[in-house]
2 protein chains.
Amino acid sequence: MIDTVKISRALGDPVRYKIMLLLANSESGCCPQPGTNGALPGLCNCEIMAHTGMIQSRVSYHMKELTEAGLVTEEQRGKWKYYYINTATLKDYAGKIKADLLR
Amino acid sequence: MIDTVKISRALGDPVRYKIMLLLANSESGCCPQPGTNGALPGLCNCEIMAHTGMIQSRVSYHMKELTEAGLVTEEQRGKWKYYYINTATLKDYAGKIKADLLR
DNA sequence: TGACAATATCAGAAAAATTTGATATGTTGT
DNA sequence: ACAACATATCAAATTTTTCTGATATTGTCA
């Protein structure tokens, strides 16, 4: 089942919220994808590092938090790992907040 | 404007989420209200203390966090302070999360 | 396979949040 | 005003998170 506290906590850090916004507004990845002409959803670590100015281990740490909360799904593409928002979790979250707390 | 990170952070603590659930499921206050037959919305500190087993200053601290996030509205009734969920904030929050992060 | 690039994990340092007891402020009724 | 009760604030101790550099793991390509 959906862990509302964990998701809230994950979103409740300014760095992670910024990353979520970045993912939400990203059109395509930066790294060459074989068999495509470059446009695939999600962002890889290198892009998140570039956009936020954070070092690698810090990005990794926050992506793990987001992933473990179910907010982000990761996908290995060649040597890069891509991240994109798990929209189902977000919808469920918004719904559960309302169901739990509105009457 | 609504501070999504701050609200998330406020909800992202298990103690505070429990308090929110308590408020959402409370029918009436415990303390004698002049001019009523006892049934008013919200809970006062004493009830939150009783339900959660927390000491007074701890309740006060968390209620301040919730209030400052705009999740809870406080109302002085006689010598008691009552708290109830600010439904507008909660609705706005759920809406903004979706607007920000879903595409 | 080896060399290299991308990401993950670890341990310690630093920063932030939580908890508590003590004390202060505010409110009601006498 | 005073006494009694309800809530707020403070400072210090504790706990939890975050950040970083170092190292480990994983994947790709020659």
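The sequence lines fix the lettering, A, B, ..., with proteins before strands; numbering per chain opens at 1.
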Using heavy-atom distances to pick each residue's nearest nucleotide on DNA chain D, tell me which of B:Arg58 and A:Arg58 is more 5'. B:Arg58
Checking only heavy atoms, does the side chain of A:Gln56 share a donor-acceptor pair with the base of C:dA6 at less than 3.5 Å? no
To the nearest Å, give me how far apart CD (A:Gln76) and P (D:dT25) are. 17 Å
How many Å lie between CG on A:Leu43 and P on C:dA6, as a whole number? 16 Å
Please check if any side-chain donor atom of B:Tyr93 sits under 3.5 Å from a side-chain acceptor atom of B:Ser8, or the reverse. yes
Start with the C-alpha gap between B:Arg16 and B:Glu65, add the side-chain angles, then the distance that decides, and say whether side chain to side chain contact (heavy atoms under 4.5 Å, CB included) holds. CA-CA 9 Å; B:Arg16 287 192 291 266; B:Glu65 293 284 317; 3.6 Å; yes
The nucleotide from C:dT18, D:dT28, C:dG21 with an atom nearest the side chain of B:Glu65 is C:dT18
With a 4.0 Å cut-off, would you call B:Asp100 and B:Lys96 a salt bridge? yes
Within the pair B:Arg77 and D:dA6, is there a side-chain N or O less than 4.0 Å away from OP1 or OP2? no
Report yes if a side-chain nitrogen or oxygen of A:Arg9 is closer than 4.0 Å to either non-bridging phosphate oxygen (OP1 or OP2) of D:dT18; otherwise report no. yes
First locate atom CE of B:Met20, then atom CG of B:Leu11, and finally report the distance between them rounded to the nearest 0.5 Å. 5.5 Å
Short side-chain N/O contact to D:dT9 OP1/OP2 from B:Lys64, under 4.0 Å: yes
Counting only side-chain heavy atoms from C-beta out, which of D:dT20, C:dT7, D:dT18 sits nearest to A:Tyr61? D:dT18
Phosphate-side-chain proximity, A:Ser60 and C:dA8, N/O vs OP1/OP2 below 4.0 Å: yes
Is the phosphate of D:dT18 approached by A:Arg16 (side-chain N or O, under 4.0 Å from OP1 or OP2)? yes
Here the distance between atom P of D:dT7 and atom CD1 of B:Ile55, to the nearest Å, is 14 Å
Would you mind reading off the distance between A:Met63 atom CE and C:dA6 atom P, rounded to a whole angstrom? 17 Å
Round to the nearest Å and state the distance from B:Glu74 atom CD to D:dA6 atom P. 17 Å
Spacing of B:Tyr82 atom OH relative to C:dT27 atom P, expressed in whole Å: 16 Å
Give me the atom names and distance for the closest heavy-atom approach of A:Tyr83 to A:Ile48. CD1-CD1, 4.1 Å
Hey, does the side chain of A:Asn45 come within less than 4.0 Å of C:dA6's phosphate (OP1/OP2), counting only N and O? no
For A:Ile19 and C:dT7, give me the distance from atom CD1 to atom C1', rounded to whole Å. 14 Å
Which sits closer to the 5' end of DNA chain D, B:Cys46 or A:Val15, going by the nucleotide each is nearest to? B:Cys46
Side chain of B:Lys79 (C-beta onward), nearest among D:dT7, C:dT7, D:dC5: D:dC5
From CG of B:Asp13 over to C1' of C:dT19, roughly how many Å is that when rounded to an integer? 11 Å
For a quick test of reading the model: is some side-chain N or O of A:Lys81 closer than 4.0 Å to OP1 or OP2 of D:dG27? no
If only side-chain N and O atoms of A:His62 are considered, is one of them under 4.0 Å from the OP1 or OP2 phosphate oxygen of D:dC19? yes
Return the CG to CD1 distance between B:Leu43 and B:Ile85, rounded to the nearest 0.5 Å. 9.5 Å
